[in-house]
Each structure stands twice: as C-alpha cells, then as structure tokens.
There are 2 protein chains.
Amino acid sequence: MNKMVTLADVARAAGVSAKTASRVINGDPQVAPATRARVEAAVEALGYQVNVLARSLRRGHDNVVGVIVESVRDPFFSEVIGELEQLITPRGFTVMVASNTRGSGREREIVEGFIQRSLVGMIVTPQDADYSFLRSIRMPVVFIDRRPRNLDADVVLADDRGATLEGVNHLARYGHRSIALISDALDVQTVRNRYEGYLDAMREAGLPVDPSMVRIGCLDADMAEKETVDLLHLPQPPTAILSTRGETSQGVVRALHRHDATDVAVVSVGDFALADSVTPAITVLDHSPTLIGRYAAERLFARLDGESGHPITTTIPVPLIARGSGELPPRAAVSG
Amino acid sequence: MNKMVTLADVARAAGVSAKTASRVINGDPQVAPATRARVEAAVEALGYQVNVLARSLRRGHDNVVGVIVESVRDPFFSEVIGELEQLITPRGFTVMVASNTRGSGREREIVEGFIQRSLVGMIVTPQDADYSFLRSIRMPVVFIDRRPRNLDADVVLADDRGATLEGVNHLARYGHRSIALISDALDVQTVRNRYEGYLDAMREAGLPVDPSMVRIGCLDADMAEKETVDLLHLPQPPTAILSTRGETSQGVVRALHRHDATDVAVVSVGDFALADSVTPAITVLDHSPTLIGRYAAERLFARLDGESGHPITTTIPVPLIARGSGELPPRAAVSG
DNA sequence: GCGCCCGATGACATCGATGTCAACGATTGG
DNA sequence: CCAATCGTTGACATCGATGTCATCGGGCGC
C-alpha cells in the first residue's frame with residue numbers, strides 16, 4: 001500500500017522541482033531557507049527515504065566496502081572484521097562480508113560479485129586463485145594475511161616465517177630438542193612461510209627434524225586435537241609443541257588437558273580466548289588481527305584519498321608473549 | 001582508462017539490441033542459439049560485468065540480506081553471522097553487516113540505512129529503540145535474541161528465563177546456597193529475563209538473595225573478572241557463580257584461575273572457546289548461536305517465499321551441558 | 001492460398017536520483 | 001539607466017539494465 005515515496009513526490013508536495021528537493025537532501029547550501037523548510041516538512045510528512053541504489057547508480061559507486069575473509073566464524077577473522085568495521089563506518093561506508101571457505105573454488109566468483117556491485121573498495125584474504133584478472137581494476141583493493149598470486153598489490157602481512165622461527169628459538173632456549181609442529185595445510189602461503197620458519201629454526205639450532213613430529217594439514221581444532229593425541233602416544237613423544245594457528249592451538253590444549261600432559265611445552269602462533277587462563281597459560285606469538293585490520297583500513301583510506309604510488313606491503317610485528325607454557329622445561333629433564 | 005563496459009557495448013559488439021544482450025545475460029530461453037553464442041563471445045571479449053546497482057534499481061530490490069548484531073567481534077554473534085551467511089549465500093544473496101554497539105544511539109539510523117538500500121530482508125538484534133517505525137514496512141525483518149519494542153514481528157529467542165532458572169536449580173541440587181550472579185547490564189531485555197530467572201529460582205529454592213552477590217552491569221570479560229575478584233574478597237565469598245553470558249564467563253574463569261579459586265562452582269549461560277579445556281571444565285547452558293542463526297534464516301526464507309500469516313516467535317532450547325565446574329560441591333562442604 | 005500463431009528480436013519507457021546548464025528576478029556598480 | 005553579477009531554481013539528460021509491447025518472418029492448419 002505504501003508505495004515507495006520518491007524524491008519527485010516530495011518535490012510535488014513541497015511545490016518545487018525534484019532537483020531542488022535533491023539539493024535539500026544533500027545539504028546543498030544553495031537553497032533558500034524558506035524552500036529548504038518546505039522540502040524538509042514534506043520529507044517528514046511523507047516519510048521519505050533516499051533510494052541508495054539510484055543514488056549510487058548515478059554517482060557511479062556505492063558507499064560500501066567489501067571484506068572477504070576465510071571464515072566469518074573464525075575468531076581471528078571476526079576480530080579483523082570488527083576492527084575494520086569500526087574504522088570504516090565513521091567514513092560513511094557500510095561493510096559487506098563474504099567467507100571464502102577453503103577449497104570452495106568460488107574465490108574468483110566472490111570477488112567478481114563484489115566488483116559488480118561498484119563498491120568503493122575491497123579488503124581481501126586471498127587463497128590460491130590467480131589474481132591477474134584484477135590487473136587493471138580501478139577500485140582499491142587491499143589484501144590481508146597473504147599475497148595474491150600473480151598480482152602486485154597493497155598487502156598487509158604478519159612476519160610468518162619470523163614468528164615460527166622465534167617460537168622454535170624460544171623453546172630451544174628452554175632446552176627443548178624434540179619440538180613438534182601442528183600446522184594447517186600447506187596450500188596456504190601463510191602456512192608455508194610458518195612451516196619454513198620452523199624448518200629453518202630447527203636447522204639453525206642444530207635440531208633434527210623428525211618427520212613424525214611434523215603434523216601438517218590440521219584444518220581445525222578437532223584435527224589438531226587428534227594429531228596431538230597421536231603425538232602423545234609416540235614411543236618418544238615431543239617435549240614441546242609449536243602450533244601455527246590460534247584455532248589449532250585450542251585443539252592442542254584440549255588434547256593435553258584431556259590426557260594429563262600439560263607438562264608438554266606449548267607455543268601458539270596466534271592468541272585465543274582463555275589462552276591466559278588455562279594452566280599453564282599459553283605462550284603465544286601475538287599475530288594480531290586488530291593490527292591487521294587497522295593497517296588494512298589505513299592502506300584502503302590512503303588509496304581512497306588519492307594516493308597513487310606503487311603497491312605497498314605492510315608487515316606487522318608478531319611479538320612473543322611468555323605466559324608459562326612456552327617456558328616449561330623439557331619433560332625428560334623433569335623425570336630425569 | 002578501461003571505462004565501464006555496459007550492456008550496450010556488448011550489444012553493439014554482438015550486433016544485437018541491448019535487450020537481447022540482457023536476455024542472454026539472464027539466461028532467457030527465448031534467444032536463438034547462434035545469437036546467444038555471439039553475445040556470449042562479446043561478453044567474453046569485452047570482459048563485461050553486470051552493473052548490479054542498475055539491475056537492482058530496475059528490479060526494485062537488491063539481493064542482499066542485512067544483518068545487524070550487537071558486535072561482530074563477539075564470538076557469539078560472529079557464529080550467528082557465519083551460520084546465516086552459510087544458509088543465505090546459496091540463495092544468491094550477499095550479507096551486509098553492521099554492529100549496533102550498545103548505547104551508541106545509532107540503532108534506528110543503522111536500520112534505516114539498510115532500508116534505504118532496498119534489501120530483500122533483514123535480521124536484526126534489537127536494542128532499546130522504539131521499533132514502531134517498522135510497522136508498515138514491506139521488507140521481511142526477523143529479530144533475534146530479543147524482542148523489538150513496540151512491534152509485533154518474527155522473533156527467534158532462547159528461553160533466557162528458563163536458562164538461569166535451570167542454572168540455579170542445578171547448583172542448588174549440588175548443595176549450593178550462596179550463588180552469585182555475574183550479569184550484563186539490565187537495559188537489555190535478554191539480560192533482564194535471565195536476571196528474573198535467577199531471582200525466581202533462588203526464591204523457589206528458598207535461598208536468600210544477598211545483594212552483594214548480585215553483580216549487574218558487567219559489559220565485558222574484564223569487568224566480569226573484576227567483579228569476580230571482588231566477590232572472592234568478600235568475608236563470605238559465594239560457593240558458586242552463575243554467569244549470564246559466554247564473554248563474562250571468560251572473565252570469571254580468568255579470575256578464579258588467577259586467584260586459585262577454581263573450587264568455586266561455575267555455570268555459564270553460553271558456551272565459549274576452551275570452556276571444556278580449563279580445569280575444571282565449565283558447565284554451560286548452551287545458548288546456541290548456530291541454532292539462532294538457523295531458525296532466523298528459516299523464518300526469513302519463509303517470508304521471502306510468500307508466507308504471510310501472523311508474526312511467529314521461535315524459542316530455541318538451552319540445554320545444560322555438565323562438564324564439572326557446575327557439579328562441584330560447595331567450598332564449605334570441602335573445608336568443613 | 002489466407003490467416004493465425006509462435007519464436008526471435010528490438011524500440012522505447014522506466015527505475016529514482018543527480019549533474020549540467022540555462023533561466024530568472026533582484027541587486028549592484030559604473 | 002543599463003549591464004554585470006549573484007543567489008535560486010528548474011528542465012532535461014543521464015547512470016545501466018530491464019519490463020512492456022510491437023514487429024517481423026515463417027511454418028502450419030484449413
């Protein structure tokens with residue numbers, strides 16, 4: 001019954017042209033006070049609401065920022081989104097989200113879907129897709145967490161290799177020689193870098209890399225839990241575990257608690273809820289989602305404000321926060 | 001340089017009218033195979049991308065579902081969003097999110113902003129705003145977690161009062177008489193209901209409600225932690241704590257661990273990460289975000305598919321999951 | 001052989017807001 | 001007293017895709 005009220009309706013009610021009504025809506029100062037008041041009264045009376053679609057079509061762009069993450073459910077990414085939203089909203093933009101689930105194969109489809117919406121900009125967590133199709137795009141796009149394949153663009157990254165490197169060093173410093181790795185699947189670049197950091201650090205520390213100690217492919221907490229249990233059942237279990245993601249670390253912690261093996265040292269790349277409340281509290285390499293969001297927004301705004309130079313890579317620090325679990329002595333030392 | 005390629009460009013390149021090109025894009029069967037092929041070739045050659053804004057303007061609605069939650073960062077809500085996205089995307093809709101931060105006063109503004117975008121539907125976590133302005137809206141709106149003020153609409157709720165009621169009963173069954181409440185602020189209806197459940201259950205169990213045991217207004221984990229510490233320092237500390245939200249429960253747990261008071265029984269309304277891994281594991285009343293998301297999507301789809309009856313309230317169950325912390329005997333019994 | 005119907009296609013209007021440009025009355029400077 | 005200027009305002013075209021309706025050629029039934 002209440003058909004959409006258009007600007008033309010408002011104009012008619014106020015006895016002016018649509019253009020003038022438009023001026024009032026947009027706060028154009030070039031309108032006589034009396035006219036303005038009449039239009040405003042009409043807007044109020046009719047309950048007029050702008051049609052953003054029409055406006056955006058005319059303007060050529062929609063005041064929306066697209067955010068593509070691996071999974072909205074992952075607390076890491078939901079924190080990124082939260083930070084982005086907090087910074088983006090005050091600029092008058094809305095956030096559109098999409099999860100690019102691992103291996104869905106819909107990566108390009110999702111990105112193109114966003115492009116078709118004439119967004120003002122995008123923040124993307126790339127997976128393995130070929131991004132060369134974005135070569136000549138005009139819309140600013142900032143990549144986070146990983147580099148896009150075949151595209152030179154703004155990226156905000158953590159020092160992944162350095163993180164695991166420091167993790168191993170830290171554990172080695174406390175006497176550990178048998179350090180297991182619980183890792184995500186290697187098809188993600190970030191994961192590969194962390195894996196390399198682990199290998200390099202082990203080599204540099206002169207520690208042997210036992211293949212049975214390296215558990216690749218733990219996609220979630222449950223899989224990490226299973227692998228950890230498996231590690232504990234080895235004839236020679238590891239004395240320390242380095243987990244490369246907050247989510248997998250939760251699985252590791254759960255396994256250790258259920259099997260009374262909390263004397264195994266743990267270092268997690270990525271903080272997570274209650275990491276500081278379990279016993280012992282978990283030592284983490286703080287791969288901060290907040291910082292990633294903040295810097296990504298900064299890059300995006302710079303481009304929106306007209307910055308035009310070469311693509312920039314922002315690398316965020318990954319400080320180690322010692323809480324106890326990473327400073328445990330090796331088990332053998334305890335029993336010996 | 002690469003100006004936007006329009007349907008007219010494609011049509012020109014294929015030697016047909018814009019309308020025919022449009023038909024091909026939309027899979028209209030009324031197109032001769034040869035013509036279709038020519039148009040598809042032109043689309044490919046020019047790298048044409050539909051302009052969704054124009055399409056949506058013409059169609060009168062945009063294939064986007066708006067989701068408004070209290071905070072994207074809250075794992076509870078990010079799980080809701082994740083579930084919604086998973087169900088909504090296969091229908092060809094995209095998700096637009098907004099956080100309606102407590103007390104921001106921007107509630108109506110956010111909702112109206114979404115309305116102006118001609119969305120196909122909305123899922124809203126209402127706060128205290130007066131929602132009567134949505135009386136005559138045509139777009140389907142489903143409210144979650146709380147009822148909107150002054151509006152009769154589809155709502156998906158948990159049995160909040162029943163949850164805390166059961167929580168208190170559970171603790172009382174294990175012998176607790178001094179049960180503290182760590183609660184969010186009472187300006188949220190959900191919270192009020194949980195508060196009432198606590199009061200009613202205490203009364204029914206014949207337990208006195210000591211005002212110093214009731215801590216209202218814990219907005220986040222930190223505040224809950226502080227209040228918990230304060231409770232522990234009372235001359236007569238509680239032997240059990242009922243926390244009304246996953247997030248506040250994390251603060252409670254942290255406080256108990258830091259103050260070696262893990263013999264205080266805990267029941268949390270709302271599950272949270274690692275609740276099952278701390279020692280003792282936390283007994284929860286599983287206020288499931290996944291279910292809320294699922295039922296909300298179901299409601300929305302029903303309305304989109306033309307269902308037109310009276311507003312429906314869906315109440316989801318809040319089962320108790322005993323994990324240990326809620327089954328501890330009262331401290332006094334231990335020491336006495 | 002004539003008229004009807006159907007598949008295929010296009011011309012044109014339309015969705016609602018806004019950019020462009022011109023018009024108009026009033027004021028001001030010379 | 002005329003022209004230049006300024007503040008207001010509106011007519012019209014436009015953004016890009018699509019709904020409506022008409023057209024056109026040909027196959028088919030009688």
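Order of the sequence lines fixes the chain letters, A, B, ..., with proteins taken first and strands second; residue numbering starts at 1 for each chain.
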Trainee: Heavy atoms only, 4.0 Å cut-off, all strands: where does A/Ser56 land among base, sugar-phosphate and nothing?
Mentor: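 Touches nothing.
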Trainee: By nearest atom, which of the nucleotides C/dA11, D/dC15, D/dA17 is closest to the B/Lys19 side chain?
Mentor: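 Nearest to the side-chain atoms of B/Lys19, counting from C-beta on, is C/dA11.
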Trainee: Indicate yes or no: does A/Arg146 engage A/Glu70 in a salt bridge with an N to O separation below 4.0 Å.
Mentor: yes
Trainee: Reckon A/Ser17 has a side-chain N or O less than 4.0 Å from the OP1 or OP2 of D/dA11?
Mentor: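 No.
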Trainee: Would you kindly give the CG-to-P distance between A/Asn51 and C/dT18, to the nearest whole Å?
Mentor: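 These atoms are roughly 9 Å apart.
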Trainee: Nearest to the side chain of B/Ala18, which nucleotide is it out of D/dT8, D/dT18, C/dT9?
Mentor: D/dT18
Trainee: Just how far, in rounded Å, is P of D/dG10 from CZ of A/Arg12?
Mentor: 14 Å
Trainee: From the list C/dA8, D/dA11, D/dT8, which nucleotide is the closest neighbour of the side chain of B/Gln30?
Mentor: C/dA8
Trainee: Using whole Å, what does the distance between atom C1' of nucleotide C/dT18 and atom CZ of A/Arg59 come to?
Mentor: 8 Å
Trainee: Within the structure, does a side-chain N or O atom of B/Asn26 lie under 4.0 Å from either OP1 or OP2 of D/dT18?
Mentor: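 Yes, within the criterion.
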Trainee: Does B/Arg58 have a side-chain nitrogen or oxygen under 4.0 Å from the phosphate oxygens OP1 or OP2 of C/dG16?
Mentor: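 False: B/Arg58 side-chain N/O out of range (4.0 Å or more) of C/dG16 OP1/OP2.
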Trainee: Would you say the side chains of A/Ser99 and A/Arg73 form a donor-acceptor pair under 3.5 Å?
Mentor: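 No, because no side-chain N or O of A/Ser99 sits under 3.5 Å from a partner of the opposite role on A/Arg73.
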Trainee: Whole-Å distance between C/dG16 C1' and A/Leu46 CG?
Mentor: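 So the two atoms are 15 Å apart, to the nearest Å.
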Trainee: Tell me which of B/Arg23 and A/Gln49 sits closer to the 5' end of DNA chain C, going by the nucleotide each one is nearest to.
Mentor: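 By nearest-heavy-atom nucleotide position, the 5'-most residue is B/Arg23.
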Trainee: Inspect the surroundings of OH in A/Tyr295 and state if more than 12 heavy atoms from other residues, nucleotides or ligands are less than 6.0 Å away.
Mentor: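 Check fails, neighbour count at 12 or below.
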Trainee: Salt bridge or not between A/Asp305 and A/Arg91? Use side-chain N to carboxylate O under 4.0 Å.
Mentor: yes
Trainee: Just N and O in the side chain of A/Thr6: are any of them under 4.0 Å from OP1 or OP2 of C/dG16?
Mentor: no
Trainee: Taking atom types as modelled and ignoring hydrogens, do the side chains of A/Gln116 and B/Arg55 form a donor-acceptor contact shorter than 3.5 angstrom?
Mentor: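 Note: A/Gln116 and B/Arg55 side chains miss the donor-acceptor criterion.
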Trainee: Measure from CG on A/Asp28 to P on D/dG10 and round the result to the nearest Å.
Mentor: 13 Å
Trainee: Examine D/dG10: is either OP1 or OP2 under 4.0 Å from a nitrogen or oxygen in the side chain of A/Thr20? Give yes or no.
Mentor: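 Affirmative; the distance criterion is met.
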Trainee: Expressed as a whole number of angstroms, how long is the span from A/His61:NE2 to C/dT18:C1'?
Mentor: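 That distance rounds to 12 Å.
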Trainee: For A/Tyr48 and C/dG16, what is the distance between atoms OH and P respectively, to the nearest whole Å?
Mentor: 10 Å
Trainee: To check you understand the geometry: which heavy-atom pair defines the closest contact between A/Glu85 and A/Pro90, and what is its length?
Mentor: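 Distance-wise, the nearest heavy atoms are O-CD, 4.2 Å.
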Trainee: By the 4.0 Å heavy-atom rule, please label A/Arg55 as base, sugar-phosphate, or nothing.
Mentor: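 Sugar-phosphate only.
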Trainee: Measure CG/B/Leu7 against P/D/dT18 and give the value in whole Å, please.
Mentor: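 Going from CG in B/Leu7 over to P in D/dT18 covers 7 Å.
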Trainee: For C/dT9 and B/Thr35 - does any side-chain N or O of the residue sit under 4.0 Å from the phosphate oxygens OP1/OP2?
Mentor: yes
Trainee: Assuming nearest nucleotide by heavy-atom distance, tell me which of B/Val50 and A/Pro33 is located more 5' along DNA chain D.
Mentor: A/Pro33
